[in-house]
Amino acid sequence: MAHLSSSPTFAKQDFAEELSRRHRTARTMAVIFQASTIVGIIVLLTLMYNIINSSFGLVAWQYRVPPETLAAGAPLEELPREELLRILEERVSANVLRRLDREKPLTARSEQELYALVMERVVQPKIVKTWSLVDSIFRRQEIIQEVARDYPDAYLRFRSWLNARFLTSPQSSRPELAGVRTAILGSLWTVLITIIFAFPLGVGAAIYLEEYASDNWLNRIIQTNINNLAGVPSIIYGMLGLAIFVRAMEPITSGIWFGAAEPATANGRTVLSAGLTLGLLVLPLIIINAQEAIRAVPNSLRQASYGLGATKWQTIWYHVLPNALPGILTGTILSISRAIGETAPLVVVGASTFITIDPSGPFSKFTTLPIQIYQWTSRPQDEFRNLAAAASIVLMILLLSLNASAVLLRQRARRRIRG
Amino acid sequence: MKIGAPGTGPFAGPAASTALPMTRLYKRPRIREAIIQAVLFLCGVLSILITAGIVYELGKESLRFFTTDLWESTNKPLAVSVDVSAKLLEVGPAGTALRPGDIIRLDGEQMQVESVQDSVIRVQRGFRGTAPAAHQAGTEIFRADRVSLVEFFTGTQWIPQIGQFGILPLVNATLMTSTIAMLVALPLGLAIAIYLSEYANERARSILKPIMEVLAGIPTVVYGYFALTFMTPLLRNIFGRDVVEVYNTASAGIVIGILVLPLVSSMSEDALNAVPRSLREAAYALGATKLETALKVVVPAALSGIAAAFIVAISRAIGETMIVAIAAGAGPNLTFNPFQPAETMTGHIVRISGGDLSYDSIDYNSIFAIGLVLFFMTLLLNIISQRVVRRFREVYE
């Protein structure tokens, strides 16, 4: 453009050349902008591919006692109780059987429990090598040859790491038995406490700032401060939680004050500490979202309410809040999904590295789904990477369904306000 | 609605009635309303308490970190046995030289050196309330050494085992991952924002924006897994396995860039959308192409908003933890090679606190000192970005 005015003796031909050059550049850059967007999509797809690729695939198993030798003809899982009992009595030493019988009489156990026992005590499956989904599909022949060469007594099976068992089993040091039940329950407990703590406080602060606060220095500081808190790295909240909830408030967070401490833990590294820490983390987010929702309520509603003689609180409680509620809930759900995905603060607060017992209350030791993924990822063995991928799918489905419900809620609320 | 409660609420009595004497025209105190307002005010004040709590706790532990005596061996034994009251100590010639003012420790007793003459030192016994005791010849002398601020900020080694606490390797690694992240997120994010706001039609936008939202909603630990199991092998295949280590800052940095990409693109797009349509139309009227309009008119007009987006993204990248904890490697390492492992500030905090950490150890205090530095770095960036945004808002109002 600068060029146009620069020369008074500007020839028509130059202009045409210049114009076509400018259009060429414009077209090239348009392609570049579009390509950048496509790169973003490709990254998302690659990430999904990477996780799914590791969650399914061929697995080479070795058994101490191959299941076929135990029962001729029928597969092991279809055997009747009597057969399973017979196998156990034959193959397991009397000592171990007596101990198991004391825990729960063998005859009183269900078919599934007996099957699990047979697998654990007799068959003892062990994973020796795993392959990714893509390899399993496109290099099947090579894999079969490799197994035949390197692990002559191994069995090759296709395994979905994400299965019903994975969701219902507790953590285990053996990858073939490990599951995420403890971690899911831990996440739910933690988030429950986060909601109980942060939702009322966050909405309360938002109401104060939007409806009551006059424009003075104190309220301005509060507002600036909330905006700044939203940008503080999550790990700092973890350190705050460690110093305050885990150490300073140990008698409360461990449950000693309430006489509810679990003998195994009896320190502050509990579900309660974790929930409160995440509560501090999401509080600024809940406040900011709730403020926006309250601000969006038309002022005419308030004026109408005052006009009918309602007090300030009556106006807020009966008119402002019901109208802002969908927006507040949407913001809260989004903040909560952030809390569910957080890992770093919980590592600092002291998540347990290995627990197999389900958390039973706010004073239990805890682990959460992201913590579990982190620990499995940090292990060098491939099998644990597969577990981490499967757990990632569980976590992302959980978060996506939460986000989807938030979006639906937002759309319904919009329709109601318009209609 | 800003009504200075409880001063100007609706009138309590039936004020309109003319039969009422004027003295009844006062505002009835509403105790319930006042209590509710007070409770809500406390909810708001809690946020200030959180900030105060962060500064206080980080500051307290950091102060402890800078005032803890680390006893370093001087390799200097006591030459002659001393009794409880002796003020002059004869020491061996070997080892580190002692200077007046040093605090030394023999067994459990602490002393302050008053003067030194060759191999004889005059000391104040029973320093800091420790009990004076007799010491045998050959007892080793330990000298108190505190981590000074200068050492903390300029030291190039972070080896807690030998009392080396220089934060530079950690800061350097953090700056490296953040720089790499911004090299990825800046051009890509800006290009996506320009495409979405200037080029894309309504349909493309309705598909692309949810995708960006999904990217923004993925937990960081999953990104960490992605960095370790996809990005690192990819880099190793491109640049060679000898060049790229299993853990490296390049892989972590690129994935952090992907993590902050939705943040950069959505904030920049908001800034671009806020530019008035009239500016674009004026540019078109002068014969500018779409690209020239976008790059020479719209982007400069939205520059402060875009700058704010970048600053927030940098702050986010600096504070990012799980990706670096998983993919950047363990162990502080002062290197400028992005293919080498190096531990960032956040990565170090997570590794140290993830292990069995005993309270009041120097390790425990040191992570709080790192945390304090991290807190102020991100706080500074956030404040700058808010300033920039405020300036930007004034332009078109």
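A note on names: the letters A, B, ... follow the listed sequences, proteins ahead of strands, and every chain is numbered from 1.
Contacts of A/Met396 with chain B are made by side-chain atoms alone, with heavy-atom separations under 4.5 Å and no backbone atom involved. Interface remark: A/Arg247 contributes side-chain atoms only to the contact with chain B (heavy atom separation under 4.5 Å). Heavy-atom distances place both the backbone and the side chain of B/Ile48 under 4.5 Å from chain A. The part of B/Ile36 that comes within reach of chain A is its side chain, from C-beta onward, which places non-hydrogen atoms under 4.5 angstrom from that chain. Heavy atoms closer than 4.5 Å to chain A are found in the side chain of B/Leu46, but not in its backbone. Of the atoms belonging to A/Ser337, not a single heavy atom falls under 4.5 Å from chain B. Neither the backbone nor the side chain of A/Leu19 comes within contact range of chain B; no heavy atoms are under 4.5 Å apart. Proximity to chain A (any heavy atom under 4.5 Å) is restricted, for B/Glu61, to the side chain, taken from C-beta onward. Interface residue B/Thr346: backbone and side-chain heavy atoms are both found under 4.5 Å from chain A. Heavy atoms closer than 4.5 Å to chain B are found in both the backbone and the side chain of A/Ala389. Heavy atoms of B/Ile218 lying under 4.5 Å from chain A belong exclusively to its side chain. Interface remark: A/Leu395 contributes side-chain atoms only to the contact with chain B (heavy atom separation under 4.5 Å). Both the backbone and the side chain of A/Asn227 come within less than 4.5 Å of a heavy atom of chain B. At a 4.5 Å heavy-atom cutoff, the contact between A/Val39 and chain B is made by side-chain atoms alone. Heavy atoms closer than 4.5 Å to chain A are found nowhere in B/Glu320, neither backbone nor side chain. Proximity to chain A (any heavy atom under 4.5 Å) is restricted, for B/Leu228, to the side chain, taken from C-beta onward. Contacts of B/Tyr364 with chain A are made by side-chain atoms alone, with heavy-atom separations under 4.5 Å and no backbone atom involved. Residue contact with chain B, scored on non-hydrogen atoms closer than 4.5 Å, involves the backbone and the side chain of A/Leu201 alike. For chain B, the nearby part of A/Leu283 is the side chain; its heavy atoms alone come within less than 4.5 Å. Contacts of A/Leu399 with chain B are made by side-chain atoms alone, with heavy-atom separations under 4.5 Å and no backbone atom involved.
Of all the listed residues (B/Leu381, B/Leu372, B/Leu42, B/Thr321), the one sharing the greatest number of non-hydrogen pairs under 4.5 Å with chain A is B/Thr321. Among B/Tyr56, B/Phe41, B/Tyr223, B/Phe375, the residue making the largest number of heavy-atom pairs under 4.5 Å with chain A is B/Phe41. When each of B/Leu261, B/Thr229, B/Leu379 is scored by its heavy-atom pairs under 4.5 Å with chain A, the top score falls to B/Thr229. Annotation: maximal heavy-atom pairing with chain A below 4.5 Å, among B/Leu374, B/Val39, B/Thr220, B/Leu190, occurs at B/Leu374.
In this structure, the side chain to side chain contact (heavy atoms under 4.5 Å, CB included) partners of A/Thr368, at least two apart in sequence or on a different chain, are A/Ser187, A/Thr190, A/Leu346, A/Phe366, A/Pro370, A/Ile371.
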Scan the side chains in residues 312-319 of chain B for donor-acceptor partners under 3.5 Å anywhere in the protein, sequence neighbours excluded, and list what turns up.
unit_1, atom_1, unit_2, atom_2, d
B/Ser315, OG, B/Asn382, OD1, 3.3

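A/Ala243 and B/Glu57 get closest at one heavy-atom pair: CB-OE1, 3.2 Å. Across all non-hydrogen atoms, the minimal contact from A/Gly204 to B/Cys43 is C-CB, 3.8 Å. Residues A/Pro233 and B/Thr378 approach most closely at CD-OG1, 3.4 Å, considering heavy atoms.
Judged purely by distance below 3.5 Å, without hydrogens or angles, the side chains of B/Gln37 and A/Tyr212 never pair a donor atom with an acceptor atom. Between A/Asn228 and B/Thr51, the side chains place no donor N or O within less than 3.5 Å of an acceptor N or O (distance only, hydrogens not considered).
The main-chain N or O of B/Ser47 is found under 3.5 Å from a side-chain atom of A/Asn225 such that the two form a donor-acceptor pair.
Using bins of under 30°, 30° to 60° and over 60° for the plane-to-plane angle, the ring pair B/Tyr199/A/Phe33 lands in the tilted bin.
Salt bridge B/Glu292/A/Arg22: present, at least one basic N to carboxylate O contact under 4.0 Å.
A 4.5 Å side-chain heavy-atom check between B/Leu40 and A/Trp313 finds at least one atom pair inside the cut-off.
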